[in-house]
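To start, the structure itself, in structure tokens.
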Amino acid sequence: MPQAEDKKKRIKQWTTFYRKNWEIYAEERLRVKLRPFQRIMLHLIGRSEVFFAVCARGSAKTFIVGLAAVIYCLLYPYGYVVITASTVDQAKKMVDNKIRNELILKLSPVLHYMYQKGLIEITSSTDRAEVSFFNGSSITVMPALDSSRGARASFLVYEECRLLRKGDIDSIFEYSAPLV
């Protein structure tokens, strides 16, 4: 019995450590190689209540957002991530191009294994895309339209925030989705 208690204690310690250091989780557990600026961004996303990244083209903004969403889902069982985008096509591209094709199929052998075994499932419809995880967590990517009203989230991301209207953010996401 003491071994079981020691194991639970170590699991809690590692989980707490990784929840405070998303960049280390990405590199050590998911085996995703990050550049120094990506490590800093990921760390700040994981530690901040509100985070804004103002970046130039080609700085992997969408990739980091997708990676942060995946990390949140893996570290927080039954976590609900909602990523907003200005259009339906942009929302689907994030899931298809960044999360599935780049992150799961190319960069992380761990996520690739989970995807092959059915522990991660990706679905897409006309107005949203969703990634479901084995632990009850999910990522839903939606456009900032009235059809997205009422989405529940414990982690809310505004992709390309400058393209979204403040009124839409407030009425569709802010008041219907509690932030953690």
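Just so we're clear, the structure is a prediction, and the values are computed from it rather than from any experiment.
Listed here is the closest heavy atom pair of N97 and N101: O-CB, 3.5 Å. In terms of heavy atoms, I139 sits closest to C73 at CG1-SG, 3.5 Å. For the pair Y18 and L75, the tightest heavy-atom approach, listed with the atom from each and the gap, is O-CD1, 3.5 Å. Residues Y80 and Y72 come closest through the heavy atom pair N-CE2, 4.4 Å.
Between atom CD1 of residue I83 and atom CD of residue E130 there is a gap of 11.5 Å, rounded to the nearest 0.5 Å. The CD1 atom of I120 sits 4.5 Å away from the CE atom of M114 when rounded to the nearest 0.5 Å. Considering NZ of K98 and CD1 of I64, their distance stands at 10.5 Å, rounded to 0.5 Å. A distance of 10.5 Å separates NZ in K12 from NZ in K9, rounded to the nearest 0.5 Å. Rounded to the nearest 0.5 angstrom, I71 CD1 and Y76 OH are separated by 11.0 Å.
F63 is listed as a side-chain neighbour of Q38, based on a closest heavy-atom distance under 4.5 Å. In this structure, T123 and S132 have side chains that are not in contact, with every pair of non-hydrogen atoms separated by 4.5 Å or more. V82 is not listed as a side-chain neighbour of F155, based on a closest heavy-atom distance of 4.5 Å or more. The shortest distance between side-chain heavy atoms of K33 and E27 does not fall below 4.5 Å. Annotation: side chain of Y25 is in contact with side chain of L30 (closest heavy-atom distance under 4.5 Å). Counting heavy atoms from C-beta on, the side chains of V141 and V131 never come closer than 4.5 Å. For the pair V81 and T140, the minimum side-chain heavy-atom distance is 4.5 Å or more. Using a 4.5 Å heavy-atom threshold, the side chains of I99 and L111 count as separate.
Crowding of R29 atom CZ: a count of heavy atoms from other residues, nucleotides or ligands under 6.0 Å not exceeding 12.
E121 and Y115 share no donor-acceptor pair across their side chains, judged by distance under 3.5 Å alone.
Checked by atom type and distance alone, the side chain of R39 never pairs as donor or acceptor with a backbone atom of L34 at under 3.5 Å. At distances below 3.5 Å, not a single donor-acceptor pair connects side-chain atoms of N21 with backbone N or O atoms of E23.
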Problem - side chain to side chain contact (heavy atoms under 4.5 Å, CB included) between V110 and V32, intermediate numbers included - result: CA-CA 9 Å; V110 175; V32 175; over 6 Å; no
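Y113 and F133 are assigned to two separate hydrophobic clusters, defined by single-linkage of ILVMFWY side chains at heavy-atom distances under 4.5 Å.
The aromatic ring centroids of W14 and F17 lie less than 6.0 Å from each other.
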